[in-house]
Structure formats: structure tokens, C-alpha cells
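From a predicted model like this one, the values you see are computed outputs, not experimental measurements.
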Amino acid sequence: MGSLEAERTTVGWAARDPSGILSPYTFNLRNTGPDDVYIKVHYCGVCHSDLHQIKNDLGMSNYPMVPGHEVVGEVLEVGSDVTRFKVGEIVGAGLLVGCCKSCQACQSDIEQYCSKKIWSYNDVYIDGKPTQGGFAETMVVEQKFVVKIPEGLEPDQVAPLLCAGVTVYSPLAHFGLKNSGLRGGILGLGGVGHMGVKIAKAFGHHVTVISSSDKKKKEALEHLEADEYLVSSDATSMQGAADSLDYIIDTVPVGHPLEPYLSLLKIDGKLILMGVINTPLQFVSPMVMLGRKSITGSFVGSIKETEEMLEFWKEKGLSSMIEVVNIDYINNAFERLEKNDVRYRFVVDVKGSEFDH
């Protein structure tokens, strides 16, 4: 299991530069400390933010970088102080692997808002070494950032929940939008958007999918069982839907005008931003003032919310729409993700992939 003298190594697929092309990469993992869980990765979801990171879209990327932050795997070893997990259990790990544990956010169990949080990859761990993500055979994660996967959930199905799923669940829970009978809008039908439809429907909401064209209409209404479909460029339909929604979950990860969507909200309606966008967004103030509307944002979810959401997912018998691929397809997957050509989340079958040593 790796001795103190020699750090254990693992193999992942890493980007070496902003081209974002991934290839096999061997790197060191720390030994299992008292608070750590050593995980054999089975599946890892592919998120749009992975694409931003490998291509240095946000100007903060460090290479070599092993992406992947929707990890489901099996516990191989636990540290001496680990009480929540046992060897052989199936567990999950998400976007964070560290936080300060003493600020207001950490004390309030919303560690994702800690200003000293440590990302699962493209960051530096407390030991000064770079963090690497889930497109790798194994990982070592502090127990605080590991989640229990309820029995009966398929591991490949769970992977996208650890980012996309909880990203939608968290604001609905926090802003008091869990009551049935609410009218919600999901803007953009990608990985997060499809989770938004499923979770909002499971809460008993009337769900309108808002998209720039009608090419996903059949998908939204028939497969995801949304109630309505609105094409944002159709001025008549948009006008007809004015003042009708309690909230909109805006998942679009590129710059776009906010005003058309603000007009769809009722009084006190909320536009909740989820897409990572590195250009300023614009709106005129009366659009917000004249309906006491809010533009707000939300960032993934806490470990507590993740476990709550997984239980909810199981209780409601929900399933993710995924396309499972092997690691050697990952560059094609990123290419297709950039073109929005996936229904609706790629999941890498890490366990079933050949990693070139």
C-alpha cells in the first residue's frame, strides 16, 4: 500500500498546455494520512468547467493537469482516524479536497464558499504539492470531502450528481424553492440543465426549458418530461411567457444578455447564475427594480447538501442521462462537449479503461 519511504504513484490523463490535449501521465500520491481515504476510481464525470481549466480559459491553469471532479470509486484504505468509511465501500468525491475549517463558511457547513478552499485539481494541497483530479486510477482524499453513496444507486449514474446535480439542488434548497407547484425555468439544456429539469420536476415544479433554438424541443418535452419549451429568439413566445416564472436556473457557460430572461420572472423572481463566464454580463437596472427581482449565483453545494441530494435522488428513483466512454476517448469527448454534442453528461469508465503505464 505504499511505504513511508516511497510515495505511491498512480497514472492519470493530463493536459500539458492550453491545447487541452490529454495524454497518460504518472504522478505521485501522498500516503494515506490519519484523516485520509485512499480511493480506486471507478467512474468520473466530465464537466464543462474541466474544459475551461484544461484550455486555460480563466487564465489560471497550471500544467501538467489531471482534470475530473465527479469521482465515484471504491475505498482501498482508510487512515487511523477515519470513522465514516470502510474498505470496500463505494464513495464519491467532488470539486473540493480542502478548506480552512475555521471561517464562517466552514463553520456553517457551506465549505464551498471558504476563501481558502482547495480544488480537487489545478490547486496546491496543504503539503505544498499540486492536486490532481479523477481522470486517474487512484486518489487520496481527506474524509471530510468524501461522500457516502446510498446503496442501490448505479455508480456511473452517480458521477454527474457530484457536481451538476448538487449545483442545481443547492440553490433550490437554499432559496426556499423546494415547494411543489412553483414554476421554474431552466436556461440551457446541457449537463447541469438536464439535472435541473429532473430535480425541479421531482420537487413537483412546472418546468419550462428555455433554449436558443428548437432543436432540443422533443428531447426536453418527451425524454426529460419538461412541461414547456421556450425558444429565446421567438419574441412572441417570450412575450407570452413574461412574468410567469418563480426562478430561472441559468446554466449557459458563455456571455449572453440577461434582460430577455429577467422579463420572464414574476415579482420577487430569481435569476440564478450557474455558468462560469469570464466576460461581464449586462442588464439595465429597471429590469430588476420594477419587479424586485434578484440576480444571484450559487456554487456547487456542500458535502452535507451532496449527501442530502443523493438520498433525494434515490428516494425519487431518478436517473442521469449519460454517455459512458473509456479514458482513451477523452479528447474526443472534450471536443464534442465544446460543440454541446452530448446527451447530457460524459462519464469516463476509469475502472474499465486501459491506462498506458
### Task
Report the relative orientation of the aromatic rings in His194 and Tyr344; use parallel for angles under 30°, tilted for 30 to 60°, perpendicular for over 60°.
parallel
### Message
Checking the side chain of Thr9 only, and the main-chain atoms of Asn28 only, is there a donor and an acceptor separated by less than 3.5 Å?
### Response
no
#### Entry: Charged tip of Arg336 within 45° of Phe346 ring normal and under 6.0 Å
no
### Query
Can you check whether Val284's main-chain N or O pairs, donor with acceptor, with Glu259's side chain at less than 3.5 Å?
yes
### Query
Hey, is the main chain of Val166 close enough, under 3.5 Å, to the side chain of Ser170 for a donor-acceptor pair?
no
### Query
Are the charged groups of Glu225 and Lys201 less than 4.0 angstrom apart, N to O?
no
### Query
Is there a donor-acceptor pair under 3.5 Å between the side chain of Arg16 and the backbone N or O of Ser23?
yes
### Message
Check whether Asn331 reaches the backbone of Leu22 with its side chain - one donor and one acceptor, N or O, closer than 3.5 Å.
### Response
yes
### Message
One thing to verify: whether Lys351 and Glu74 come together as a salt bridge, which I'm taking to mean a side-chain N less than 4.0 angstrom from a carboxylate O.
### Response
no
#### Entry: Asp123 CG to Lys129 NZ distance, which is reported to the nearest 0.5 Å
15.5 Å
### Task
Taking atom CZ of Arg30 as the centre, report whether more than 12 heavy atoms of other residues, nucleotides or ligands fall under 6.0 Å from it.
yes
### Salt bridge Asp246-Arg183, side-chain N to carboxylate O under 4.0 Å
no
### Message
Looking only at the side chains, is there a donor atom on one of Tyr247 and His205 sitting less than 3.5 Å from an acceptor on the other?
### Response
yes
### Query
If you measure only the distance, is there a donor-acceptor pair under 3.5 Å linking the side chains of Thr10 and Thr138?
yes
#### Entry: Tyr121 side chain to Asp50 side chain, donor-acceptor N/O pair below 3.5 angstrom
yes
### Ile54 backbone acceptor or donor facing Tyr63 side chain under 3.5 Å
yes
### Task
Answer yes or no: is there a side-chain heavy-atom contact under 4.5 Å between Ser232 and Tyr261?
yes
### Task
May I ask you to decide if Leu96's main-chain N or O and Lys117's side chain share a donor-acceptor pair within less than 3.5 Å?
no
